[in-house]
Amino acid sequence: MIVNADLHIHSRYSKGTSKFMNIENIIKYGKKKGLEIIGTGDCLHPIYLKEIKHHNNSNNLLLTTEIEDINRIHHLIFIPNISKVEELRELLKTYSKNIDGEGRPKVVLNGKELFKIIKEIEGLIGPAHAFTPYTSIYKSFNSIYDCYYEKPDFLELGLSADTEMANSIEELKDIPFLSNSDAHSFYPHRLGREFNRIEINNLGNFEHNFEEIKQVLKNKNYNDANNKDNKNKIIANYGLDPALGKYYLTACSRCYLRYNINDAKQLNYKCAECGGRIKKGVLDRSRELQNNNNNNNNNLPDRPPYHKIIPLSQIISLSINKNIGTKAVDSIWQQYIEAYGNEITVLININIEDLKKINEKVGKIIYLFRKNKIYIYPGGGGEYGKISILKPKIKWYGSKAESDNDQKFSSNKPKTTLDKWIKK
């Protein structure tokens, strides 16, 4: 059985999260997105846990939470069942002042200590958004083992990284990669914007789904054609083009001016334009880690493919020149969902000519997306990247002219403007 799984989201009890993020909406809109398994998120929160308990028989859920340790590193946790959640709550109460009030609690434990506790309750643990310049394992450590001292069960790539970037780091060769949305709302450009396509035996309750995911993460023979008996495996990771993430390039966190890493170092990470703090981007950080690990690029593990994806609402927004969240965008999105069941199917599987029947412009932009012919203004410093039909002018420090740095954020340039192209 092949399913789509988004295993890192948050409830309304986490800071900065939509008040409508309850279990019912998560399940409802997860199905519209095309997700068969969704992490509950925030399962240590006592009020939210009561809500979760009413959905034990739902076959769409996995018990998950995110925890911030004493070094401000975020860890993603998968838990077998409700009794283990309650056991973990009791174990962590001594180390947390906000476990009863915050969906993503903080604990006065380091990574090694938290790792040990999670293993005591038979859970699974790995670094969340592992490369971002805030609250990530590679923000604070040059090696994943300096944090855990043991091999984690997985590594979450995060929105600004993909498999190609992480796979070049030698120490990660035996660690599975997950791509999850870290969604704070159920809106279609958030929930499921990154997901994992996995093969499992079947869906079930909390404990059953945990065991299925556990077997998926244990299986390293992703692409072994002879591995037919073990069906639990990652088939592919789907996620944003890393350039669409908020921290892809090194950039000022105040004015978002993009920087070459050498310029940023010379300026001691202080923006020459506004005096704001320059945050090292995931691209530059991953390159540092590749160098630190003395990588042998001839011995990289054979990973599941990483497919770059753009949320349908963003494509619709670009197509009709209306903002995400407007009635015009929402109406067209709903037409596609009613016609084809879920967003992932629309983006990946449906014939372009059929998509054009609902909206000509949207169908043509999905065609460009599939052919990798959409430009991206790369994110950085906390600003999301943006998609464009026209080649963007990137705001680099020093007002440097167009260079290879600009070129790499685009594919084959469309020869006309969008309005002219869509009339063809």
Side-chain angles (χ1 to χ4, degrees), residues 5 7-8 62 64 69 73-78 80 110-120 122-132 136-158 161-180 194-200 210-239 242 282 285-307:
L7 305 178
H8 182 184
L62 175 74
T64 67
D69 73 16
I73 296 170
H74 287 190
H75 308 267
L76 182 59
I77 316 293
F78 304 155
N110 61 33
K112 179 182 179 181
E113 293 165 333
L114 181 61
F115 185 98
K116 182 179 179 181
I117 289 175
I118 298 305
K119 291 306 170 182
E120 284 179 11
E122 301 176 315
L124 302 172
I125 181 173
H129 40 76
F131 300 94
T132 56
S136 76
I137 198 164
Y138 283 127
K139 161 63 170 61
S140 299
F141 296 104
N142 286 324
S143 170
I144 205 167
Y145 294 98
D146 290 339
C147 175
Y148 293 125
Y149 288 74
E150 297 183 59
K151 184 174 73 174
D153 297 295
F154 58 86
L155 175 138
E156 184 183 65
L157 294 168
D162 62 9
T163 296
E164 182 180 1
M165 294 163 65
N167 199 37
S168 296
I169 300 170
E170 182 74 18
E171 70 173 9
L172 300 180
K173 64 182 180 181
D174 294 324
I175 300 174
F177 295 161
L178 293 179
S179 47
N180 303 308
E194 300 211 348
F195 64 92
N196 312 278
R197 179 159 286 178
I198 60 178
E199 185 172 0
I200 60 174
F210 175 86
E211 290 301 323
E212 294 281 359
I213 296 297
K214 182 178 179 180
Q215 291 304 313
V216 165
L217 296 175
K218 280 186 175 181
N219 183 11
K220 303 297 188 302
N221 298 316
Y222 306 114
N223 299 316
D224 185 352
N226 297 318
N227 187 33
K228 296 179 180 179
D229 294 333
N230 188 348
K231 294 183 178 180
N232 291 71
K233 57 189 174 185
I234 300 172
I235 295 174
N237 299 103
Y238 285 78
V282 170
R285 182 58 176 142
S286 66
R287 288 170 174 168
E288 287 181 350
L289 292 165
Q290 291 166 24
N291 294 332
N292 291 343
N293 275 263
N294 297 318
N295 299 311
N296 179 4
N297 290 328
N298 296 321
N299 192 32
L300 297 177
D302 187 14
R303 296 277 185 179
Y306 184 99
H307 299 292

Query raised in the report: Looking only at heavy atoms, which two atoms of Asn180 and Leu7 are closest? And how far apart?
Result: OD1-N, 3.0 Å
Report task. Quick one: sort the Phe131 and Tyr138 rings into parallel, tilted or perpendicular, breaks at 30° and 60°. Result -> parallel
Report task. Starting from the C-alpha separation in whole Å, work towards a yes-or-no answer on side-chain contact (heavy atoms from CB on, under 4.5 Å) for Lys139 and Thr132. Result -> CA-CA 7 Å; Lys139 161 63 170 61; Thr132 56; over 6 Å; no
**Report entry** Pairwise side-chain contact, Pro127 with Ile73, heavy-atom cut-off 4.5 Å (strictly under)
**Finding:** no
Requested in this report: Please examine the side chains of Phe154 and Asn196, heavy atoms only from C-beta on, and report whether any two atoms are closer than 4.5 Å.
Outcome: no
Requested in this report: Taking all heavy atoms of Lys151 and all of Asp174, pick out the closest pair and write down the distance.
Outcome: NZ-O, 3.8 Å
Report task. Hey, could you give me the CG/CD1 distance between Asp153 and Ile77, rounded to the nearest 0.5 Å? Result -> 9.0 Å
**Report entry** Atom pair CG (Leu76) and CD (Glu156), whose distance is rounded to the nearest 0.5 Å
**Finding:** 5.5 Å
Report task. Mark yes or no for whether Asn232, through its side chain, and Glu212, through its backbone, hold a donor-acceptor pair below 3.5 Å. Result -> yes
Query raised in the report: Within the distance-only criterion (no hydrogens, no angle test), does the side chain of Glu171 pair as donor or acceptor with the backbone N or O of Ile144 below 3.5 angstrom?
Result: yes
Report task. For residues Gly111 and His75, report the shortest heavy-atom separation together with the two atoms involved. Result -> CA-CE1, 4.2 Å
Query raised in the report: What closest approach, in Å, do Pro176 and Arg303 show between heavy atoms, and which atom pair accounts for it?
Result: CA-NH1, 3.7 Å
Query raised in the report: Shortest non-hydrogen contact from Gly158 to Glu194?
Result: O-OE1, 3.8 Å
Query raised in the report: Taking the six-membered ring for Trp, are Phe115 and Tyr148 parallel (under 30°), tilted (30 to 60°) or perpendicular (over 60°)?
Result: tilted
Query raised in the report: Are the aromatic rings of Phe177 and Tyr306 close, with centres under 6.0 Å apart?
Result: no
Query raised in the report: Between CD1 of Ile137 and CG of Asp146, what distance do you get to the nearest 0.5 Å?
Result: 9.0 Å
Query raised in the report: Say you draw a straight line from CG of Leu217 to CD1 of Ile198; how long is it, rounded to the nearest 0.5 Å?
Result: 8.5 Å
Requested in this report: Measure across Ile235 and Glu199 and return the closest heavy-atom pair with its distance rounded to 0.1 Å.
Outcome: CD1-CB, 3.8 Å
Query raised in the report: Do other residues, nucleotides or ligands put more than 12 heavy atoms under 6.0 Å from the OH atom of Tyr149?
Result: no
Report task. Check whether any side-chain N or O of Ser179 sits under 3.5 Å from a backbone N or O of Phe195 as a donor-acceptor pair, and report yes or no. Result -> yes
Query raised in the report: So, do Ile169 and Gln290 sit near enough that their side-chain heavy atoms are less than 4.5 Å apart?
Result: yes
Query raised in the report: For Lys112, which residues count as a salt bridge (Lys or Arg N to Asp or Glu O under 4.0 Å) partner, sequence neighbours excluded?
Result: none
Report task. To the nearest 0.5 Å, tell me how far His8 NE2 sits from Leu178 CG. Result -> 11.5 Å
Query raised in the report: Under 6.0 Å from the CD atom of Glu164, do we count more than 12 heavy atoms belonging to anything else shown?
Result: no
Query raised in the report: Backbone N or O of Asn142 within a donor-acceptor pair of the Glu288 side chain at under 3.5 Å?
Result: no
Requested in this report: Give, for atom NZ of Lys116 and atom CG of Asn110, the distance between the pair rounded to the nearest 0.5 Å.
Outcome: 11.5 Å
